[in-house]
> 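Sharing a structure below in structure tokens format, with a few things to ask.
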Amino acid sequence: MRGYKIFSGTANVPFAQMVAKYLGVPLSEASIKRFSDGEISVQIGESVRGKDVFVIQPTCAPANVNLMELLILTDALKRSSSSSITAVVPYCGYARQDRKAAPRVPITAKLVANMMQTAGINRVITMDLHAGQIQGFFDIPVDNLYGTMVFTNYVKSKNLKNPIVASPDVGGVARARSLAKSLDLDLVIVDKRREKANESEVMNVIGDVEGKDVILIDDIIDTAGTIVKAASAFKKRGATSVSAFCTHPVLSGPAYERIATGDLDELIVTDTIPLKENCDRIKVISAAPLFGEVIRRVYHDESVNSLFDMK
């Protein structure tokens, strides 16, 4: 067989190392440096001729730097005669800019998709795109994994007395419903009104949470305003406990302070984005084994879809 190699950018090297460990292969060598003016310099340190290559690089903060690093790595690998290049992007930056929400604004998620394809990427593996239809921005295969695939077993292990799944907003109902279905639980929804970017106000809770252990599920937590206010709303309505599950811990601005001092009992996240700070209320569950298994299946032309059916 032609063989494959795993490369990593600098955005989340520990995650890439865990994926490589799962697969039983070493990370391949690539020198990534910065010139004094900030330009990125890449040199592939070993032959990739005829190989299937997987590049692990989330485009988290600093998003522009990490995105350019992915594109430059891809160009270097393409010019080194690799057979195929799969971008493993655990967190896909700019995915929240997926539509024209106001006049005269860009659809940046589409622009990023175009850039990745132009650079030479043949396939993308990612997790919890902010909007599933972003897959249609690409004209190459996209495997969009779900954070619930990582969280389900942990929820079961908690043995909560009276659990119920909650969506922090109407937009996340499909995600929450999927988790509720896999756990055979009921669902409640927070109806919120967002006055401006990165600020939200909880208006109402649709459903009964009195005496319940609430399981909040979301794809991204940025400033943590929505999730903490939702936890407060549930506690005011008699919830026994509130745990939040989030795939991508962006956690910018006052997020860590809000989580540490708010009504949220526990926040469980994946390692698609490395944490900037330590917090006693935040627990990390690795998504690396799942990505490793998907890489193995993609290389061996096995079904990825069957993973979605596993409980």
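Since we're looking at a predicted model, the values are computed, not measured. Index from 1, following the sequence. FYI, side chains are in, hydrogens and waters are out, and symmetry mates aren't considered; it's all heavy atoms of this structure.
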> Just do the side-chain contact (heavy atoms from CB on, under 4.5 Å) check on Ile140 and Arg123 with the steps written out, would you?
CA-CA 6 Å; Ile140 54 177; Arg123 186 185 195 103; 5.6 Å; no
> Decide yes or no on salt bridge (Lys or Arg N to Asp or Glu O under 4.0 Å) for Lys235 and Asp265, but give the supporting numbers first.
CA-CA 10 Å; Lys235 288 287 184 71; Asp265 295 296; 3.3 Å; yes
> Going only through I, L, V, M, F, W and Y residues with side-chain contacts under 4.5 Å, is there a path from Met18 to Val13?
no
> Which atoms form the tightest heavy-atom contact between Ser306 and Arg297, and what is the distance?
OG-NH1, 2.7 Å
> Could you tell me if the side chain of Cys60 sits less than 4.5 Å from the side chain of Asn66, heavy atoms only?
yes
> What residue among Val294, Asp301, Ile295 forms side-chain contact (heavy atoms from CB on, under 4.5 Å) with Val298?
Val294
> Quiz question: by atom type and distance under 3.5 Å, do the side chains of Asp213 and Thr240 form a donor-acceptor pair?
no
> Nearest 0.5 Å, what's the CZ-CD1 distance between Phe234 and Ile164?
8.5 Å
> Check whether Lys212 reaches the backbone of Val165 with its side chain - one donor and one acceptor, N or O, closer than 3.5 Å.
no
> Which heavy atom of Met127 sits nearest to which heavy atom of Val150, and what is that distance?
CE-CG2, 4.1 Å
> Could you label the plane-to-plane angle of the Phe308 and Tyr146 rings as parallel, tilted or perpendicular, counting under 30° as parallel and over 60° as perpendicular?
perpendicular
> Which value, rounded to the nearest 0.5 Å, describes the distance between Ser8 atom OG and Gln17 atom CD?
7.5 Å
> Drop me the distance from Ile221's CD1 to Leu267's CG, to the nearest 0.5 angstrom.
4.5 Å
> Quick one, Tyr4 and Leu23 - any side-chain contact, counting heavy atoms below 4.5 Å?
yes
> Would you kindly confirm whether Met68 and Leu77 end up in one hydrophobic cluster when ILVMFWY residues are joined by side chain heavy atoms under 4.5 Å apart?
yes
> Main chain of Glu69, side chain of Gln57: is a donor-acceptor contact present, judged purely on distance under 3.5 Å?
no
> Decide whether Ile6 and Ile72 are clustered together by the hydrophobic rule: side chain heavy atoms of Ile, Leu, Val, Met, Phe, Trp, Tyr closer than 4.5 Å, transitively.
no
> Given Arg296 and Glu302, is the side-chain contact (heavy atoms from CB on, under 4.5 Å) satisfied, shown in steps?
CA-CA 8 Å; Arg296 188 194 69 77; Glu302 298 177 7; 2.9 Å; yes
> State whether the side chain of Arg281 and the backbone N or O of Gly262 hold a donor-acceptor pair below 3.5 Å, judged by distance alone.
yes
> Indicate the atoms forming the closest heavy-atom contact of Ala30 with Leu73, along with that distance.
CB-CD2, 4.3 Å
> Under a 3.5 Å cutoff, is there a donor and acceptor pairing between the side chains of Asp219 and Tyr91?
no
> With side chains defined as the heavy atoms from C-beta onward, is the minimum distance between Val190 and Thr226 less than 4.5 Å?
no
> Walk me through whether Thr10 and Arg34 qualify under side-chain contact (heavy atoms from CB on, under 4.5 Å).
CA-CA 11 Å; Thr10 61; Arg34 303 281 190 274; 3.8 Å; yes
> Is Glu46 reaching over with its side chain to a backbone N or O of Glu29, donor-acceptor style, under 3.5 angstrom?
yes
> Do the side chains of Ile273 and Ile268 join up, straight or via other hydrophobic residues, at under 4.5 Å, putting them in one cluster?
no
> Determine whether more than 12 heavy atoms belonging to other residues, nucleotides or ligands lie under 6.0 Å from atom NZ of Lys236.
no
> Check whether any side-chain heavy atom of Val188 sits under 4.5 Å from a side-chain heavy atom of Asp208, and report yes or no.
no
> Can you name the nearest heavy-atom pair linking Ile259 to Ala224, along with the distance?
CG1-CB, 4.0 Å
> Between Ser41 and Lys33 (side chain of the first, backbone of the second, donor and acceptor by atom type, cut-off under 3.5 Å), is there such a pair?
no
> Enumerate donor-acceptor pairs with a distance under 3.5 Å from any side-chain N or O in residues 102-113 to protein atoms, sequence neighbours excluded.
residue: Thr108; atom: OG1; partner: Gln97; partner atom: OE1; Å: 2.6
residue: Lys110; atom: NZ; partner: Asn114; partner atom: OD1; Å: 3.1
residue: Lys110; atom: NZ; partner: Phe137; partner atom: O; Å: 3.0

> Donor-acceptor pair, Ser182 side chain versus Leu179 backbone, under 3.5 Å?
yes
> Spell out, yes or no, whether Val205 and Val228 are grouped together once hydrophobic residues are joined by side-chain heavy atoms under 4.5 Å, including indirect joins.
yes
> Just how far is it from atom NZ of Lys283 to atom OG of Ser243, taken to the nearest 0.5 Å?
12.0 Å
> Is any side-chain heavy atom of Val88 closer than 4.5 Å to one of Val19?
no
> Are the charged groups of Lys158 and Glu266 less than 4.0 angstrom apart, N to O?
yes
> Check whether any side-chain N or O of Arg258 sits under 3.5 Å from a backbone N or O of Thr223 as a donor-acceptor pair, and report yes or no.
yes
> Is any side-chain heavy atom of Val269 closer than 4.5 Å to one of Ile282?
yes
> Please check: side-chain N/O of Asp128 versus main-chain N/O of Gly147, any donor-acceptor pairing under 3.5 Å?
yes
> For Leu216 versus Ser167, what's the shortest heavy-atom pair and its separation?
CD2-C, 4.2 Å
> Would you check if the side chain of Asn204 reaches a backbone N or O of Asp191 as a donor-acceptor pair within less than 3.5 Å?
no
> I'd like to know if the side chain of Thr118 and the backbone of Met115 have a donor-acceptor N/O pair within less than 3.5 Å.
no
> Are any of the side-chain heavy atoms of Leu129 and Cys92 separated by less than 4.5 Å?
yes
> On a heavy-atom basis, which atom in Ala287 and which in Asp271 lie closest, and how many Å separate them?
N-OD1, 2.9 Å
> Between atom CD1 of Ile121 and atom CG of Leu70, what is the distance when rounded to the nearest 0.5 Å?
4.5 Å
> Looking at Asp184, I want to see if its CG is surrounded by more than 12 non-hydrogen atoms of other residues, nucleotides or ligands under 6.0 Å.
no
> Using a strict threshold of under 4.0 Å (side-chain N to carboxylate O), is an ion pair present between Asp222 and Arg96?
yes
> About how many Å separate OG of Ser82 and CG of Asn122, when rounded to the nearest 0.5 Å?
7.5 Å
> Are any non-hydrogen side-chain atoms of Thr59 and Tyr94 less than 4.5 angstrom apart?
no
> Does the side-chain contact (heavy atoms from CB on, under 4.5 Å) test come out yes or no for Ile56 and Phe15, once each step is laid out?
CA-CA 8 Å; Ile56 302 174; Phe15 180 88; 3.9 Å; yes
